[in-house]
Colleague: 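Please read through the structure below; I'll follow up with questions.
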Amino acid sequence: MLTARVSRHRPRSRTVAGAGVPLGYLVLALVVTGRWWTPLGGRVTSVNEPDSVLFGWLLTWTPRALAQGRLPLYSDALHHPDGINLMWNNGMVLPGLLLAPVTVAFGGLGSVTVLTTLGLAATAAATFWCLRAQPLGVGTGPAAVGGLLAGFSPAMVAQAAGGHPNLVLNPAVPVLLLLSARLLTDERPARSTAVLLGLTAGLQVYVGEEILFLSGVVVAVLLVVLVVSRPREAWARAGRVTGRALLALGVFALVGGPGLAFQLFGPLQQEGSPFATAYYSTDLAGLVVGTPLQVLTTDAAATRSTAFAGGIEEHTALLGIPLLLVLLVALVLHRRDARVRTVAPVAVVTAVLALGPELVVDGVRTGVPLPWALLAGAPGFEHVIATRLPLFTAVLAGTALAIALDRVRGEVAAVRAATAFAVGVALLPLVPGPLPAQDAPVAPAFLTSGDPALDCPGGSVLLLPFPTAPDTDAMAWQQAAGLSFAIPGGYFIGPAADGRAYVGGQPTHTGRLLHDVHVDGVVREVTPAVRERFRTDVARWGACSAVLGPSRNVDALVLQTTALVGAEPEYVGDVAVWRGLDRLPG
């Protein structure tokens, strides 16, 4: 059974630290995201603006839907008239509800900044509190270090830079692991533990399902480690654990079940993933090679990291040689500690699974198969990406590090000082710098003017440049207008005609045409067949007007849209407007 020594700190000291350490995390999070705050809502990450805009859109939709008495799990304000199922798009309904005042005051992009900042700090704080709780029970200082690694690991910082608040707001992760450990190791697991486990998992459905699914994978690995290490004890407790697990499952079904049911049986059902998930795996070299997001990364290392799969937001494996050595020494020295013997193998398994189906070193595929290849085809795994597992490796590594530090608190001063120095050196390569930022798209004043061209009851506004990956300015402008009108197209995950999931769902001829003109600035010939397809698309969208805002190749877009509509635009400020699309001859 996992056991821990009783803390020698006085309750008052623990209470003060319980508030002071998380406050320190918040200050650090503000430093890391500082460039996004000036002004709030006016800055976004320069690493992956489209994802930030998407999450800003999702966070904007929830309060608007609730204010209108609508279910926030579905919206036809994007990809009109088909709409999108938010449960297939990391809808973050719960954060959207809680941050509604921020969204109203500063817009969806402002909420992305706040949520990312709180996510870093809250994940660190939750890990800190869980490390001090039973059955781990480590002291305040070691727990603070463990929380720091969990909340500000290279994996967390990479996902933050990538505009992925759904993968950064992870306070549920250490809570789920702690409650699962209690359920599996306590002599008589309490009903309250099972209820809290089910409640936490159920709420996570409305924050991020990918993190919930991977948490389940990690708990399954934890269960295997415990059973293998203590088979007799596991058999003796099997009945009690099963009963409590069923109770947790029942609570989870009550809380998270409605959201999952809407996703699986509601509108816009889809199969598979739009991403080549096998491609997105961590590089073995990524364990020791830093990225530009760390302060001390050299230019040579940053260049080397460009060979890793995916963008910088998926370069998540970094732990560094010094920290790996410290963890190895801790494992050897404290191998008799049941906590270390349990946590270390789980951490190793998550790190290996993160390598994906095939071993890759410095961008070179070696052909060596890895365990993830056995899981890739299993239900649920096609929807997750292996590069997200280092988020869990960091929590587990932080836990192991905290336990090791806690073990030396009773040693002589020289040993404590040497240990503190070694840990400090080990963490230095991981120190994050301020996240890169750029100005957010500025919405044309026309879109918030209430002009009649934007009033299309039951229909939409053809907002240009046509929104599709990676061009999401129109979605940002629509957010600035409070989602007061619907638009066709968009950057989201949805089913195509074959039922498979794609980014953008089923494309339209007009959408592709306008996107191509925006990209290359070449005006296409408008034949009678092209014009007929345009009118068919406009009729299906219920588009009553077209509005073209500032963009690259804007002159070509004006010419192309004019040719399609058959009429010159009206210029209002910095936009071109074509009114009366709903009155085009059939």
Side-chain angles (χ1 to χ4, degrees), residues 31-33 35-36 44-52 116 120 148-164 167-168 275-327 347-348 350-368 370 372 384-395 397-398 425-438 470:
V31 171
V32 172
T33 62
R35 293 174 179 172
W36 296 5
V44 296
T45 176
S46 58
V47 170
N48 189 358
E49 179 187 308
D51 280 9
S52 289
T116 302
L120 294 168
L148 184 68
L149 179 55
F152 296 89
S153 68
M156 284 284 284
V157 172
Q159 296 299 346
H164 298 158
L167 299 176
V168 176
F275 306 109
T277 53
Y279 169 74
Y280 291 100
S281 55
T282 62
D283 194 298
L284 183 63
L287 285 165
V288 297
V289 177
T291 76
L293 297 177
Q294 284 74 52
V295 172
L296 298 183
T297 298
T298 63
D299 291 341
T303 300
R304 185 180 174 189
S305 71
T306 60
F308 303 159
I312 195 172
E313 66 272 19
E314 303 300 345
H315 301 168
T316 55
L318 179 64
L319 290 175
I321 293 176
L323 180 58
L324 289 172
L325 290 175
V326 166
L327 291 172
V348 171
T350 60
V352 171
L353 289 177
L355 295 171
E358 178 186 358
L359 182 64
V360 179
V361 183
D362 280 324
V364 178
R365 298 190 173 274
T366 65
V368 178
L370 294 174
W372 185 265
V384 299
I385 294 176
T387 54
R388 280 75 194 270
L389 277 163
L391 295 165
F392 296 83
T393 307
V395 173
V425 170
L427 294 179
L428 273 178
L430 312 186
V431 174
L435 296 177
Q438 66 184 30

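Note that the structure is a prediction, hence the values are computed from the model and not measured.
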Colleague: Treating Trp36 as the side-chain partner and Pro436 as the backbone partner, does any N or O pair qualify as donor plus acceptor under 3.5 Å?
Modeller: yes
Colleague: Please list, chain by chain and in numerical order, all residues satisfying ring-ring contact (aromatic ring centres under 6.0 Å, His included) with His315, sequence neighbours excluded.
Modeller: Phe308
Colleague: Closest heavy-atom contact between Gly363 and Asp283?
Modeller: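 That closest heavy-atom pairing would be N-OD2, 2.6 Å.
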Colleague: Locate the shortest heavy-atom distance separating Leu120 from Val32; write the atom from each residue and the value.
Modeller: CD1-CG1, 4.2 Å
Colleague: Rounded to the nearest 0.5 Å, what separation is found between the OG atom of Ser281 and the CG atom of Leu359?
Modeller: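 These two atoms lie 9.0 Å from each other.
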Colleague: Measure the CG-CG distance between Asn48 and Asp51 for me, rounded to the nearest 0.5 Å.
Modeller: 4.0 Å
Colleague: Report the distance from atom CG of Leu149 to atom CG of Leu323, rounding to the nearest 0.5 Å.
Modeller: 6.0 Å
Colleague: Nearest 0.5 angstrom please: Thr282 OG1 to Trp372 CH2, how far?
Modeller: 10.5 Å
Colleague: Nearest 0.5 Å, what's the OG1-CG distance between Thr393 and Leu318?
Modeller: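 It comes to 12.0 Å.
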Colleague: Taking all heavy atoms of Ser52 and all of Gly163, pick out the closest pair and write down the distance.
Modeller: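 Closest heavy-atom pair between Ser52 and Gly163: OG-CA, 3.5 Å.
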Colleague: Between Leu435 and Val157, is any pair of side-chain heavy atoms under 4.5 Å apart?
Modeller: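 A side-chain contact under 4.5 Å exists here.
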Colleague: If the condition is side-chain contact (heavy atoms from CB on, under 4.5 Å), which residues does Leu391 pass it with, not counting sequence neighbours?
Modeller: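 Once residues adjacent in sequence are excluded, the partners of Leu391 under the side-chain contact (heavy atoms from CB on, under 4.5 Å) criterion are Ala155, Met156, Gln159, Leu167, Asn170, Ile211, Arg388.
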Colleague: Pairing donors with acceptors under 3.5 angstrom, does anything connect the side chains of Glu314 and Thr387?
Modeller: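 Thr387 and Glu314 do have a side-chain donor-acceptor pair below 3.5 Å.
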Colleague: Looking only at atom types and distance, does a side-chain atom of Thr298 sit under 3.5 Å from a main-chain N or O of Ala301, one as donor and one as acceptor?
Modeller: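 Confirmed, Thr298 side chain pairs with Ala301 backbone.
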Colleague: Sub-3.5 Å donor-acceptor pair from the side chain of Thr45 to the main-chain atoms of Ala161, do we have one?
Modeller: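 Yes; judged by distance alone, with no hydrogens or angles, the pair exists.
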Colleague: Using a 3.5 Å distance criterion without hydrogens, assess whether the side chain of Thr366 forms a donor-acceptor pair with backbone atoms of Val360.
Modeller: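 Not at all, since once roles are kept as given, no pair shorter than 3.5 Å links the two residues.
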Colleague: Taking only residues at least two apart or on different chains, which pairs with a member in residues 301-312 satisfy side-chain hydrogen bond (donor to acceptor under 3.5 Å, both in side chains)?
Modeller: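 Only Arg304-Asp362 qualify under side-chain hydrogen bond (donor to acceptor under 3.5 Å, both in side chains).
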Colleague: Which side-chain N or O atoms in residues 284-292 pair as donor and acceptor under 3.5 Å with protein atoms at least two apart or in another chain?
Modeller:
residue: Thr291; atom: OG1; partner: Leu293; partner atom: N; Å: 3.2
residue: Thr291; atom: OG1; partner: Gln294; partner atom: OE1; Å: 3.0

Colleague: What closest approach, in Å, do Ser153 and Ala150 show between heavy atoms, and which atom pair accounts for it?
Modeller: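 Closest heavy-atom pair between Ser153 and Ala150: OG-O, 4.0 Å.
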Colleague: Using salt bridge (charged side-chain N to carboxylate O under 4.0 Å, His left out) as the criterion, list what pairs up with Arg35, not counting sequence neighbours.
Modeller: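 So Arg35 forms no salt bridge (charged side-chain N to carboxylate O under 4.0 Å, His left out) with any residue.
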Colleague: Does any pair with a residue in residues 291-302 pass salt bridge (Lys or Arg N to Asp or Glu O under 4.0 Å), and if so which ones, sequence neighbours excluded?
Modeller: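 Found none.
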Colleague: Which heavy atom of Leu353 sits nearest to which heavy atom of Ala386, and what is that distance?
Modeller: O-CB, 3.8 Å
Colleague: Counting heavy atoms not belonging to Leu325, are there more than 12 under 6.0 Å from its CG?
Modeller: yes
